[in-house]
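Heads up: the structure comes next, in structure tokens.
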There are 2 protein chains.
Amino acid sequence: MPQARLQVPRISDAIASSLERRILEGSLKPGDRLPPERELAADLGVSRPSLREAIQKLASKGMVQSRQGGGTYVTDRLESTFFDPWRDMLGAHPNLREDLLEFRRMLEGQAAEWAAERATDADLERLEKAFAALGRAFAENDLDQRSACDIAFHQAVSEASHNALIGHLAAAMLRLMQDNIRLNLGELRAVPGAADVLQNQHQALFDAIREHRPAAARAAAQTHIDFVQETLAQSLRSVARRESAARRLGTDFSSTPTID
Amino acid sequence: MPQARLQVPRISDAIASSLERRILEGSLKPGDRLPPERELAADLGVSRPSLREAIQKLASKGMVQSRQGGGTYVTDRLESTFFDPWRDMLGAHPNLREDLLEFRRMLEGQAAEWAAERATDADLERLEKAFAALGRAFAENDLDQRSACDIAFHQAVSEASHNALIGHLAAAMLRLMQDNIRLNLGELRAVPGAADVLQNQHQALFDAIREHRPAAARAAAQTHIDFVQETLAQSLRSVARRESAARRLGTDFSSTPTID
DNA sequence: TCGGTAAATTGGTAAAACCAATGCCTCGTT
DNA sequence: AACGAGGCATTGGTTTTACCAATTTACCGA
């Protein structure tokens, strides 16, 4: 008769667990492509069938998705559980944007503080790259590029906090606000000097993390968000004036308050 | 870039489906032993690795269980709550609990602070009720009742923060940790005086919110969580001793650190 | 410059072989 | 005859190798 005795550890379980851990820690982000099976198997020092069994296990849990000839990709199952319900609600209830902004202020402040405490050399390297890319994007003034780099930079900060929940929540939140961030950058472009101030704030945040000054990092992150919010509010007043003028001319386009 | 193309049907999926169907239909009953892999593979006209991938998939869903040299058996209990991806993550990756606890400390601290700033009379009334119910539950020493009231109280605090995201996240998080909270209360019951200290902390939190003292509220909430964490860590050491003794007697059960 | 074809890449499947744990079965001992 | 120890067949676990099929990429010609 079948008895529940001590089991020999299956190597496929160990592999699956290891990959899961990488996903949780953020070194494998949703949308990322896993290395080819042959290469990954060699890296892990296991055979391809064993690796495949592990991948199948993750696939059955919905954490990865494989396409023959294409590759294996990490899905966003973990992030979607928290924030998907909010996506459509944000459109319906604009007052939620305040809550979201407030929440983001807390989340990114905490992420910055922890990042300053815990950032490794690898984290700093990633931050350095993201910051450099952000600088280039600002110089080129390409809106899509700028919003993508902006998100990537803030995401890098969140990952440097070394808290899986912060990392995933920040990723989900930033994705949720992606459209708004792009719109807001467009608005802020009209504000003289805003680009330089923004980049200075990014610089301050990056420096604080690099120099491991948690309080300064938190302050920098929150100052950044406060600035965006405040400047945007001012800018929107003039937008509202332009729109009310446009409306009188028959042009109808709805402007929703946006967030970066 | 990854595209959603039409997928070729994977043979391992077909096998898993077929076996699943047999189990659900009853032709493979719980406790039954599956034919040997080699034989079953030949019967189904597939290779053994493909069959193994299918079996691993079922095993990860908890429907079958394999023992090297013994065979593969249909599990007796079929249903499990595998719907929340974070839930099984928590079971599989203990270090994630640290992250969750850390995150909870931040979230509930902020919730308490904002609640102290913004609580309305209606909020205070709800808090009053929840606090009273918590006191009664502590007096009756009913574990389920206590964990339910504990959660309800913390939930009430989060809702008094008047931030929809905080409320939603706290609810999701508390639900995620519900089982742990119940277990932890059971552990803490063995610690002399813990119940009084806990209730005093709840009282301090409630008072700070009622008297609109944000900093005190945040401190009270975080002190509460720190206390639970610390006391629990101490308590778990004795649990570990008990379990290691049990293991020597052949009882095999994994002890996972729990959180309240 | 565009489009299509061929080659490289990559996941999917198969076969064979060996290892390790399990369990049955036989043989030897008492 | 009963019991126990050891051996052997069974069976899941892992690896290696090979080939197939879908996709992607790069190159070349129109």
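Order of the sequence lines fixes the chain letters, A, B, ..., with proteins taken first and strands second; residue numbering starts at 1 for each chain.
Side chains of Ile55(B) and Glu37(B) form a contact here, defined as non-hydrogen atoms less than 4.5 Å apart. Considering only heavy atoms from C-beta on, Leu198(A) comes within 4.5 Å of Val228(A) through its side chain. Contact annotation: the side chain of Leu134(A) approaches that of Gln199(A) to within less than 4.5 Å [non-hydrogen atoms, C-beta and beyond].
The CZ atom of Arg10(A) sits 12 Å away from the P atom of dG12(D) (whole-angstrom rounding). Atoms CD (Gln56(A)) and C1' (dG11(C)) sit 10 Å apart, rounded to a whole Å. The separation between Ile55(B) atom CD1 and dG13(D) atom C1' is 12 Å, rounded to whole Å. Atom CD in Gln65(A) sits about 16 Å away from atom C1' in dT10(C), given to the nearest Å. For Leu51(A) and dG13(D), the CG to P distance is 17 Å, given to the nearest whole Å. Atom-to-atom, CD of Gln68(A) to P of dT24(D) comes out at 11 Å; the value is rounded to the nearest Å. Going from atom CZ of Arg67(B) over to atom P of dG13(D) covers 10 Å, rounded to whole Å. Straight-line distance from the CZ atom of Arg52(A) to the P atom of dT13(C): 6 Å, rounded to whole Å.
Proximity of Ser50(B) to the phosphate of dA14(C): a side-chain N or O atom is located under 4.0 Å from OP1 or OP2. Between Thr72(A) and dT10(C) there is no side-chain N or O to OP1 or OP2 distance below 4.0 Å.
By the 4.0 Å N-to-carboxylate-O rule, Arg118(A) lies close enough to Glu102(B) to be salt-bridged with it. At a threshold of 4.0 Å, the pair Asp13(A)-Lys57(A) counts as salt-bridged, since one of the basic side-chain nitrogens sits closer than that to a carboxylate oxygen. Using a 4.0 Å cut-off between a side-chain N of Lys or Arg and a carboxylate O of Asp or Glu, Glu53(A) and Arg10(A) do not qualify as a salt bridge.
Of the residues in residues 37-49 of chain A, those placing a heavy atom less than 4.0 Å from an atom of DNA chain C are Glu37(A), Arg38(A), Arg48(A), in numerical order.
Evaluation of the salt bridge (Lys or Arg N to Asp or Glu O under 4.0 Å) rule for Asp121(A) yields no partner, not counting sequence neighbours.
With the nearest nucleotide of DNA chain D identified for both Ile11(A) and Arg33(A), Ile11(A) has the one nearer the 5' end.
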